[in-house]
K.L.:
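Structure incoming, see below.
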Amino acid sequence: MASVTGKAKIVWFRKGLRLHDNPALIEACRGAAHVYPIFILDPHFRSAGYKVGVNRFKFLMQSLTDLNDSFEARGSRLLVLRGKPEDVLPQVFKDWQVDELCYEVDTEPYAVLRDAHVSSLAKAANVEVKSFVSHTLYDTADIVERNGGKPPLTYQSFIKLVDKMGDPTAPAPDPPEKMPPPRDDLPGAAPQETSVPTLKEIGYDQEPTAPFKGGEREALARMDTYLSDKLWVANFEKPQTDPSAFEKPATTTLSPYLKFGCLSPRLFHTRLLQIYKEQKKHSEPPVSLRGQLLWREFFYTVGAHTPNFSHMVGNTVCRQIDWRHQDAATADSEAEQHLAAWKAGRTGFPWIDAIMTQLHEWGWIHHLARHSVACFLTRGDLYISWERGQEVFEELLLDQDHFINAGNWMWLSASAFFSQYFRVYSPVVFGKKYDPEGKYIRKFLPVLKDMPAKYIYEPWLAPTEVQKKAKCIIGVDYPRPIVDHSIASKQNIGRMAAAYKANKGEGEGEAADTPKKAAKPRKAAAPKAAKKEATDVVSGKGAKRQRTMKEFASKKETE
DNA sequence: AGGAGGTTGGACTC
DNA sequence: GAGTCCAACCTCCT
């Protein structure tokens, strides 16, 4: 087509803040006289119901600046527009005489509605819309289709489906070295009107504190650094990594870059497969590095195909549980206080409070640290709804990712995917395993820096003299624990058991007294009971154990 | 219908 | 460090 005069095209960045593996950008450059790379500052992401902490916003601004630099190096620039996409886009379609709009598929609920609306507006304006899957390894709709139209609910069944699908599509080729530039002289396209905003312009008055810098170049450099240690990559096992490591975090910390698409998951995946090929032996999902990418994919798949995935009510995969704090209207004041203490890192459990402090300061905490604080907030200690925790993570995490955040909160609260609610993380013991000296606590809670290691995880047990010497009086300089973990966790296991039972009843409807329900536990219990008696006689622990269970049962009844 | 297995608990025993 | 128990969950697969 030699006669083509050249079109005006928009490539709309939302996630996918990168030039590599960007099929929408490639398409936009094809046969275009003018390409307008845009990002829209949508007020939705700063509305009352959706908080973005200053650290993540800064990360986003850095990513946009980096993107702009890369475009400038190619004779183009990034145009940052302000307003609702539904208002902004029809205007520029007209003003810039746009022929085509290209973007990456975004499957989050808000994005799906937004993009459907924008597509219809584009059609009305005679603008062709082209979208591409590049934020996930696969088109999650394909995975669901292969599973008979339903998303797989276990990681293993998900892996099986993915294995059958073969390797993901290879990353797209790099964009041209010289790009068709946008015009400066059209309304709303002038460089001074479309620059990357400052935090002040947006209305942030806090100083960002996170030690991670946003952007594609940073992402690629970081990936290269971590992948250069091929033995480490090949042997990576997530559960073996140390949540208390902070001098050098024990994992790649690539999650914020994947969240914003500064790094392509397909590129990362390709690089991992290369290394696996070179190294004969390597770890496997779920614990391997590739397994981590597939966890992301798993939650994107289930999340995108489950209604109300980020809420308990109306969510088909989520167990309905009578949390103490389901919403602000019904929560009692104690639950309100507990939630506030948890968020602020003032629970009186140094391990929990250090993690929450790191979350505020860094915008990132290790996966197992997330487990600790999530279990503590929900089924472990406070019995507060996972949705409240999800909101806090949504605000504070750089890598906050809609489906992954919701999925993991449901996991940890034993609301979905995971159901062994009696496996409770101890806010004292768990961290101690990794960091007996309490270096991590001393780093993030300096008030405890002189507390002897013996008491660093339980400072309320330190004798007054020790507290005085450490210049940290419990109840004055650092809070007393807001709950007794051994009492609270036992009580909550009982509540969870009751909630599970209630859910079962609901599910079965009138057939509540079907023999199936009674027969199952009875059959399983018989051989085990005999075995237990035998070991109890030997160990002499039977009586103690039984008493504990009775106490626990009576507590449940008097509630 | 039943069994296996489940990314990463904790306490205790050997 | 591995194994067993706690008390019993769920989904998937055969």
Side-chain angles (χ1 to χ4, degrees), chain A residues 147-148 150-161 236-244 250-251 283-296 298-299 302 317-319 321 366-372 374-376 379-381 404 407-408 410-434 485-486 489-490 492-494 496-501 503-504 507 514-517 519-536 538-542 544-550 552-553 556:
Chain A
N147 196 45
K150 285 189 138 192
L153 292 178
T154 67
Y155 184 75
Q156 294 302 336
S157 59
F158 171 80
I159 292 292
K160 271 187 193 166
L161 287 165
F236 183 92
E237 292 192 10
K238 187 65 162 281
Q240 307 304 320
T241 59
D242 177 1
S244 73
T251 50
S283 52
E284 293 283 353
V287 297
S288 65
L289 221 38
R290 175 173 173 260
Q292 307 313 301
L293 260 186
L294 292 171
W295 276 106
R296 174 180 183 273
F298 172 62
F299 287 127
V302 189
V317 304
C318 183
R319 223 159 262 114
I321 293 171
H366 186 277
H367 190 61
L368 292 177
R370 300 180 196 204
H371 280 213
S372 281
C375 182
F376 186 89
R379 65 189 169 83
D381 293 84
I404 305 176
N408 276 309
M410 281 187 270
W411 188 293
L412 262 300
S413 62
S415 297
F417 309 113
F418 173 84
S419 47
Q420 287 156 297
Y421 52 76
F422 38 85
R423 289 190 186 171
V424 176
Y425 288 83
S426 162
V428 170
V429 172
F430 187 74
K432 218 186 259 183
K433 276 191 305 196
Y434 299 94
H485 172 68
S486 69
S489 59
K490 285 191 186 87
N492 290 342
I493 288 172
M496 290 299 287
Y500 268 53
K501 218 179 224 173
N503 274 258
K504 230 186 217 174
T514 168
K516 176 189 150 203
K517 224 170 64 179
K520 209 177 169 185
R522 211 182 290 148
K523 263 194 180 170
K528 270 206 178 157
K531 211 171 166 187
K532 189 181 114 196
E533 251 170 43
T535 54
D536 284 345
V538 175
S539 67
K541 287 277 173 189
K544 197 177 170 187
R545 243 182 237 140
Q546 287 203 337
R547 200 187 56 219
T548 319
M549 279 319 294
K550 257 180 206 154
F552 159 46
K556 213 166 66 184

K.L.:
Give the rounded distance in Å between these two atoms: CD1 of A:Ile493 and P of B:dA11.
P.N.:
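These atoms are roughly 12 Å apart.
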K.L.:
What closest approach, in Å, do A:Cys318 and A:Ala416 show between heavy atoms, and which atom pair accounts for it?
P.N.:
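Scanning both residues completely, I find the closest heavy atoms to be CA-CB, 4.4 Å.
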K.L.:
Only counting residues at least two apart or in another chain, list the ones meeting ring pair (Phe, Tyr, Trp, His ring centres under 6.0 Å) with A:Tyr421.
P.N.:
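Only A:Tyr500 meet the ring pair (Phe, Tyr, Trp, His ring centres under 6.0 Å) criterion with A:Tyr421.
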K.L.:
Please identify each residue that fulfils ring pair (Phe, Tyr, Trp, His ring centres under 6.0 Å) with A:Phe430, with sequence neighbours left out.
P.N.:
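Only A:Tyr425, A:Tyr434 meet the ring pair (Phe, Tyr, Trp, His ring centres under 6.0 Å) criterion with A:Phe430.
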K.L.:
NA contact type, A:Lys150, heavy-atom cut-off 4.0 Å: base, sugar-phosphate, or nothing?
P.N.:
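No contact.
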K.L.:
For residues A:Phe236 and A:Thr241, report the shortest heavy-atom separation together with the two atoms involved.
P.N.:
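So the two residues come closest at CE1-CG2, 3.9 Å.
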K.L.:
Look at the side chain of A:Arg423 and decide which nucleotide, out of C:dA7, B:dG10, B:dT8, has an atom nearest to it.
P.N.:
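Looking only at side-chain atoms, A:Arg423 lies closest to B:dT8.
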K.L.:
Is the phosphate of B:dG10, meaning OP1 or OP2, less than 4.0 Å from a side-chain N or O of A:Lys433?
P.N.:
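Looking at the OP1 and OP2 atoms of B:dG10, one of them is under 4.0 Å from a side-chain N or O of A:Lys433.
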K.L.:
Whole Å only: how far is the CD atom of A:Gln292 from the P atom of B:dT8?
P.N.:
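Those two atoms, CD and P, are 12 Å apart.
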K.L.:
Of the nucleotides B:dT8, B:dA11, C:dC10, which one has an atom closest to the side chain of A:Pro239?
P.N.:
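Of the options given, the side chain of A:Pro239 lies nearest B:dT8.
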K.L.:
Can you tell me, in whole Å, how much space there is between the P of C:dG3 and that of C:dA7?
P.N.:
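Taking atom P in both C:dG3 and C:dA7, they lie 22 Å apart.
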K.L.:
Considering residues at least two apart in sequence or located in another chain, which fulfil the side chain to side chain contact (heavy atoms under 4.5 Å, CB included) criterion with A:Ser426?
P.N.:
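A:Val428, A:Val429, A:His485.
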K.L.:
Quickly work out the A:Asp381 CG to B:dG9 C1' distance and round it to whole Å.
P.N.:
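Going from CG in A:Asp381 over to C1' in B:dG9 covers 13 Å.
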K.L.:
If you measure from the P atom in C:dC13 to the same atom in B:dT7, how many Å do you get, rounded?
P.N.:
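13 Å, rounded to whole Å.
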K.L.:
Looking at the side chain of A:Tyr500, which of B:dG10, C:dC10, B:dG6 is the nearest nucleotide?
P.N.:
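The nucleotide sitting nearest to the side chain is C:dC10.
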K.L.:
Within this structure, what is the CH2-to-C1' distance between A:Trp411 and B:dT7, rounded to whole angstrom?
P.N.:
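Answer to the nearest Å: 6 Å.
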K.L.:
Quick one: A:Tyr421 OH to C:dC10 P, roughly how many Å, whole number?
P.N.:
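That distance rounds to 8 Å.
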K.L.:
Say you draw a straight line from CH2 of A:Trp295 to CG of A:Asn408; how long is it, rounded to the nearest 0.5 Å?
P.N.:
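Answer for the CH2-CG pair, A:Trp295 versus A:Asn408, is 8.0 Å.
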K.L.:
Under 4.0 Å between any heavy atoms, over every strand shown, what does A:Gln156 touch: base, sugar-phosphate, or nothing? Just pick one.
P.N.:
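Sugar-phosphate: the residue A:Gln156, judged by heavy atoms under 4.0 Å, touches backbone atoms but no base.
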K.L.:
Quick one: CG on A:Asp381 to CZ on A:Phe376, what's the gap to the nearest 0.5 Å?
P.N.:
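Those atoms lie 4.5 Å apart.
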K.L.:
Contact class for A:Arg319 vs. all strands (heavy atom < 4.0 Å): base, sugar-phosphate, or nothing?
P.N.:
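Sugar-phosphate contact only.
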K.L.:
How many Å lie between CG on A:Leu368 and C1' on B:dT8, as a whole number?
P.N.:
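From A:Leu368 CG to B:dT8 C1': 5 Å.
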K.L.:
Taking only N/O atoms, report every protein-nucleotides 12-14 of chain C pair under 3.5 Å with atom names and distance.
P.N.:
{"unit_1": "C:dC12", "atom_1": "OP1", "unit_2": "A:Leu153", "atom_2": "N", "d": "3.3"}

K.L.:
Quick one: do the A:Thr251 and A:His367 side chains pair a donor with an acceptor below 3.5 Å?
P.N.:
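The answer is no; no qualifying pair exists.
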K.L.:
Take atom NZ of A:Lys490 and atom P of B:dG9, then tell me their distance rounded to the nearest Å.
P.N.:
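After rounding, the reported distance stands at 18 Å.
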K.L.:
Using the aromatic ring of A:Tyr155 (for Trp, its six-membered ring), decide whether it stacks on the base of B:dT7 within the limits of 5.5 Å and 30°.
P.N.:
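Base of B:dT7: not stacked against A:Tyr155.
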K.L.:
Please confirm whether the backbone N or O of A:Leu294 pairs with a side-chain atom of A:Tyr155, one donor and one acceptor, at under 3.5 Å?
P.N.:
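The answer is no, because no donor-acceptor pair under 3.5 Å joins these two groups.
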K.L.:
Identify the stems formed by DNA chain C, where each pair is Watson-Crick or G-U wobble with both distances under 3.5 angstrom and a stem is at least 3 consecutive pairs.
P.N.:
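Stems (3+ consecutive pairs) listed as B:1-6 with C:9-14, B:9-14 with C:1-6.
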K.L.:
Just jot down the salt bridge (charged side-chain N to carboxylate O under 4.0 Å, His left out) partners of A:Arg370, sequence neighbours excluded, or say none.
P.N.:
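Scan of A:Arg370 (salt bridge (charged side-chain N to carboxylate O under 4.0 Å, His left out), adjacent residues dropped) gives A:Asp399.
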K.L.:
Rounded to whole angstroms, how far apart are CZ on A:Phe430 and P on B:dG10?
P.N.:
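Between P of B:dG10 and CZ of A:Phe430: 6 Å.
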